[in-house]
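Worksheet: the structure to be examined is printed underneath.
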Amino acid sequence: MRKFSVVIAGGGSTFTPGIVMMLLDNSERFPLKSLRLYDNDAERQATLGAALEILLKEQAPEVEFIYTTDPEIAFTDTDFCMAHIRVGKYAMREQDEKIPLKYGVIGQETCGPGGLAYGMRSITGMLEIIDYMEQYAPNAWMLNYSNPAAIVAEACRVLRPDSKVLNICDMPVGTLRRMSQIVGKQPKDLDVRYFGLNHFGWWTSVKDKEGHEYINQIRDYVAEHGYLTQVEVDTQHMDESWQATHKKAKDILEVDDRYLPNTYLKYYLFPDDEVAHSSCTYTRANEVMDGREKTVFDAARRIVETGTAVDSGFHIDSHASFIVDLARAIAFNTHERMVMIVENNGAIANFPDDAMVEVPCIVGSDGPEALAQGKIPMFHQALMHQQVTVEKLAVEAYVEGSYQKLWQALTMSKTIPSAKVAKELLDDLIEANKDFWPELK
Ligand code: NAD
Ligand code: G6P
Ligand code: MN
């Protein structure tokens, strides 16, 4: 069987060990020739790199493994780049979350003003790694998790239209895992119909391979419990704040009980509740730094100290399995059905062709082919129009260096009450992001 070379960009990410473990777990289905980590923060990456080096020596000595900050060494002759960079790291995520809260506006990694601020930082980093990949591995595919995926995907569409970059999100697979538990199935037994934007969508059907429809059964469950399930479903999305998010799906469903909502809709439909339950001094970024980041980096340091990765403390989850399945789908033309972020081009019949939407696709060696989702109702269409306009304006603001367009993007966001607040927030965000954003005039 053919063997593949993979580079993980954002090698110092808290998600790197999980993806590496998943790759090793799949070595029969997706054999590895080499695995490389690439990051622009040598020190952060070295902690994970040194631990994973030990793990690979023990579990897969045949795989060539390196970690580097040199893009030529990292990307040359790779087949896949699995990307999950965070431009500005958690320090800037914290700003994205805390600055809006000063104005009584939700502070979130990918939604509202925080998401816009992150988007303006991410585009530069993404273009950099896409260009490295195309220079050193012109045939490679980038499978990208880097957020905010909606804005990153729109930026790729506009600025790198011919690049082989696939933007993905783990929320639909994470929630499908919960749905599969609710109906007593395995996630792989279920096929979904889904439409929306990234972090802004709805399931319209959840069927097993025999064609049995479960949407009503799941709806009844969600109407009572949200997506909270009794059994531990994964290692990801388990913290207390995530449990509150899964539960909140119950309220979203009340607004519109036709379809099953993505949990991220709470930031747009219930921003006031969200702000009321937020602390201005301790946000999700703090929770992640005190939680996942600490756990993962402590585990890595322990491996290096003890010299062994037996009982490593690293976990695989549906986040890791999704990106490895995607690589397999492309490598072996599996035609697996997966929810991806792609250019609409008619997949949602009554939505603009040039919108980056999230829909089920059949994925093979040529990439994803979107499945037609038909027409969507006015309520969903109008919400999506507003949000996609925010995302498009942000990318235009980036490309043109336009202060006004970013102000319009913020003003258009359902999370912000007025143009006045939008401007005050923008000025604050510009100051906080001066090392990262292009200059706006
Ligand atoms: P993290 O901060 O632990 O890791 C990000 C890494 O990227 C850091 O090591 C940082 O040094 C590196 N980096 C930053 N800019 C870079 C650049 N220009 N080139 C190379 N490396 C760079 O963050 P994390 O919490 O592990 O998340 C990683 C990313 O994955 C984030 O963008 C996060 O939003 C995203 N994510 C997306 C999904 C999804 O559904 N799409 C799910 C989970 C995480
Ligand atoms: C989900 C989303 C991701 C997001 C992540 C944040 O998985 O799909 O896009 O990055 O949650 O999780 P965190 O644990 O970092 O708050
Ligand atoms: Mn996501």
Side-chain angles (χ1 to χ4, degrees), residues 7-19 37-49 67-71 74-75 81-94 96-97 108-111 114-115 118-119 121-133 143-153 166-175 177 197-201 234-242 245-246 262-264 267 283-297 300 317-320 322-323 326 339-341 358 436:
V7 55
I8 299 183
S13 157
T14 57
F15 292 99
T16 295
I19 290 177
L37 307 187
Y38 166 74
D39 204 290
N40 63 2
D41 179 338
E43 201 185 324
R44 183 178 176 87
Q45 174 170 259
T47 306
L48 299 184
Y67 53 99
T68 178
T69 54
D70 180 333
F75 286 86
C81 171
M82 296 182 175
H84 51 201
I85 64 171
R86 183 186 290 285
V87 177
K89 295 182 272 194
Y90 291 128
M92 288 309 295
R93 177 176 180 175
E94 196 177 350
D96 294 343
E97 292 169 351
Q108 214 282 325
E109 181 196 22
T110 63
C111 302
Y118 187 13
R121 295 197 300 277
S122 263
I123 297 173
T124 309
M126 283 303 301
L127 295 178
E128 191 177 273
I129 59 173
I130 292 169
D131 293 348
Y132 287 146
M133 178 177 87
L143 314 182
N144 180 54
Y145 263 137
S146 314
N147 266 323
I151 292 173
V152 166
L166 302 180
N167 293 291
I168 54 171
C169 172
D170 64 13
M171 207 65 238
V173 280
T175 304
R177 183 174 278 250
L197 311 171
N198 179 239
H199 291 183
F200 204 102
D234 222 328
T235 48
Q236 208 194 348
H237 306 143
M238 294 305 289
D239 288 348
E240 218 174 289
S241 58
W242 269 110
T245 296
H246 302 312
N262 189 300
T263 53
Y264 275 90
Y267 296 109
T283 58
R284 179 66 191 156
N286 301 107
E287 229 173 67
V288 173
M289 286 186 271
D290 293 343
R292 183 175 69 240
E293 186 185 39
K294 195 170 176 320
T295 311
V296 169
F297 281 78
D317 52 23
S318 42
H319 172 89
F322 185 44
I323 198 165
L326 177 58
V339 174
M340 318 253 315
I341 303 162
E358 201 164 85
F436 299 98

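Counting convention: from 1, in listed order, for ligands and their atoms alike.
Across the listed options Asn40, Asn167, Val152, Ile323, Asn40 owns the non-hydrogen atom lying nearest to atom 15 (N) of ligand 1. The option with the heavy atom closest to atom 15 (O) of ligand 2, from among Arg86, Arg93, His84, is Arg93. Summarising the contacts of atom 25 (O) of ligand 1 with Phe322, Phe297, Tyr90, the nearest heavy atom is found in Tyr90. When the heavy atoms of Arg292, Arg44, Arg86 are ranked by distance to atom 27 (O) of ligand 1, first place goes to Arg86. Comparing Ile168, Thr283, Asn147 by heavy-atom distance to atom 3 (C) of ligand 2, the nearest is Asn147. Considering each of His237, Glu109, Glu293, the one bringing a non-hydrogen atom nearest atom 34 (O) of ligand 1 is Glu109. Across the listed options Tyr118, Tyr132, Tyr145, Tyr118 owns the non-hydrogen atom lying nearest to atom 32 (O) of ligand 1.
Rounding to 10 degrees gives 100° for the angle at the Mn ion (ligand 3) between NE2 of His199 and SG of Cys169.
In this structure, the protein non-hydrogen atom closest to atom 8 (O) of ligand 2 is Asp170 OD1, 2.7 Å. Residue, atom and distance of the protein heavy atom nearest to atom 4 (C) of ligand 2 are Glu109 OE1, 3.3 Å. Counting protein heavy atoms only, atom 12 (O) of ligand 2 is closest to Trp242 CZ2, 3.8 Å.
Glu287 does not count as a contact of ligand 2, since none of its heavy atoms falls under 4.0 Å from the ligand. Heavy atoms of Ile168 come nearer than 4.0 angstrom to ligand 1 in at least one pair.
When non-hydrogen atoms are compared, ligand 2 lies under 4.0 Å from neither the backbone nor the side chain of His319. Residue Arg284 touches ligand 2 through its side chain alone, judged by heavy-atom distances below 4.0 Å.
Within ligand 1, counting atoms from 1 as listed, the ones closer than 4.0 Å to a heavy atom of Glu128 are 18 (N). Ligand 2 places these atoms under 4.0 Å from at least one heavy atom of Gln236: 7 (O). Every atom of ligand 2 is numbered from 1 in the order shown, and the set under 4.0 Å from a heavy atom of Tyr264 is 1 (C), 2 (C), 3 (C), 4 (C), 5 (C), 11 (O). Under a 4.0 Å criterion applied to the non-hydrogen atoms of His237, ligand 2 contributes the atoms 1 (C), 7 (O), 11 (O). Using a 4.0 Å cut-off to heavy atoms of Lys89, the atoms of ligand 1 that qualify are 10 (C), 11 (O). Counting the atoms of ligand 2 from 1 in the order shown, those under 4.0 Å from a heavy atom of Cys169 are 8 (O).
Scanning all heavy atoms of the two residues, the minimum distance from Glu109 to Tyr118 falls at O-CD2, 3.4 Å. Nearest heavy atom pair, residue Glu94 against residue Asn286, reads OE2-ND2, 3.2 Å.
Between the side chains of Thr16 and His84, at least one donor N or O sits under 3.5 Å from an acceptor N or O. A donor atom on one side chain and an acceptor atom on the other are not found under 3.5 Å apart for Ser241 and Asp239.
With sequence neighbours excluded, no residue forms a salt bridge (charged side-chain N to carboxylate O under 4.0 Å, His left out) with Glu128.
The shortest N or O to N or O distance between Arg93 and ligand 1 is not below 3.5 Å. For a threshold of 3.5 Å applied to N or O pairs, the pair formed by His199 and ligand 1 contains no separation below that value. For ligand 1, the polar-atom distance check against Ile129 finds no nitrogen or oxygen pair separated by under 3.5 Å. Distances between N or O atoms of Tyr38 and those of ligand 1 include no value under 3.5 Å.
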